[in-house]
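What you see is a predicted model, and the numbers here were worked out from it, not measured in a lab.
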Amino acid sequence: MEALTAGQISLVYNAFSFGIATFAAATLFFWFGRSQVSHHYKTAMTITGLVTFIALYHYWRIFESWGQAYEVVGGVVTATEDVFNRAYRYVDWLLTVPLLLIELILVMRLSQAETVSKSIKLGGAAALMIALGY
């Protein structure tokens with residue numbers, strides 16, 4: 001991997017920080033907004049908030065890993081003994097992509113049998129594809 005500059009380290013650090021704040025705000029917005037939508041969409045709003053909360057947690061872990069992996073002293077970047085952990089993003093996808101597909105099915109307002117059937121098929125297929133690395 002190419003050496004990173006202090007500016008690049010700072011840019012990524014600040015982008016993670018902004019992303020975390022955005023996920024936190026979105027989680028609160030969706031969970032507090034449940035009372036403002038029709039009862040048909042309350043579960044979808046809950047799932048949306050859960051997705052943003054899961055992303056918040058994983059981006060926080062990525063942010064912490066990034067901060068521990070590099071040290072900037074006097075404008076010079078050095079890698080620490082801690083390795084940047086990229087695995088958090090895959091765990092995030094493994095959890096959030098199936099939930100997003102299930103949410104899509106919920107807002108379609110299908111029959112209960114169709115909703116359950118499609119949720120199991122799409123959610124399971126998405127989790128399997130991500131687990132296999134596709």
Taking side chain to side chain donor-acceptor pair (under 3.5 Å) as the definition, give me every residue that meets it alongside His40, ordered by chain and number, with sequence neighbours left out.
Arg109
What's the shortest heavy-atom distance between Tyr70 and Ile9, and which atoms?
CG-CD1, 3.6 Å
Could you tell me the separation between the CD1 atom of Ile105 and the OG1 atom of Thr115, rounded to the nearest 0.5 Å?
7.5 Å
Sequence neighbours excluded, which residues qualify as side-chain contact (heavy atoms from CB on, under 4.5 Å) partners of Ser10?
Asn14
Is the count of non-hydrogen atoms from other residues, nucleotides or ligands lying under 6.0 Å from Phe84 atom CZ greater than 12?
yes
Holding to ring-ring contact (aromatic ring centres under 6.0 Å, His included), I want the full list of residues that pass it with Phe30, two or more places apart in sequence or in another chain.
none
Taking all non-hydrogen atoms of both residues into account, name the closest pair between Val77 and Val72 and its distance.
CG2-CG2, 4.0 Å
So, taking the atom named CD1 in Ile102 and the one named CD1 in Ile47, what distance separates them when rounded to the nearest 0.5 Å?
6.5 Å
A side-chain contact here means heavy atoms from C-beta on lying under 4.5 Å apart; do His58 and Leu95 qualify?
yes
So does Tyr41 get a backbone contact from the side chain of Ser38, meaning a donor-acceptor N/O pair under 3.5 Å?
no
Members sharing Ile120's hydrophobic cluster (side chains within less than 4.5 Å):
Val116
Hey, mind stepping through Leu99 and Ile54 against side chain to side chain contact (heavy atoms under 4.5 Å, CB included) and telling me if it holds?
CA-CA 11 Å; Leu99 286 172; Ile54 291 168; 3.8 Å; yes
Quick one: OG on Ser111 to NZ on Lys118, what's the gap to the nearest 0.5 Å?
9.0 Å
Taking the six-membered ring for Trp, are Tyr57 and Trp60 ring centroids under 6.0 Å apart?
no
Ring pair (Phe, Tyr, Trp, His ring centres under 6.0 Å): which pairs involve residues 92-130, sequence neighbours left out?
Tyr90-Trp93
Looking at Ala44 and Val107, what are the two nearest heavy atoms and their distance?
CB-CG1, 3.6 Å
Step through the shown structure and confirm whether more than 12 heavy atoms of other residues, nucleotides or ligands are within 6.0 Å of OH on Tyr13.
no
Nearest 0.5 angstrom please: Trp66 CH2 to Arg86 CZ, how far?
8.0 Å
In a check of side-chain contact (heavy atoms from CB on, under 4.5 Å) between Glu103 and each of Leu50, Thr48, Thr96, which one passes?
Thr48
Any chance you could measure Thr78, atom OG1, to Leu4, atom CG, to the nearest 0.5 Å?
11.5 Å
Any residue meeting side-chain contact (heavy atoms from CB on, under 4.5 Å) with Thr80, in chain and number order, not counting sequence neighbours
Glu71, Asp82
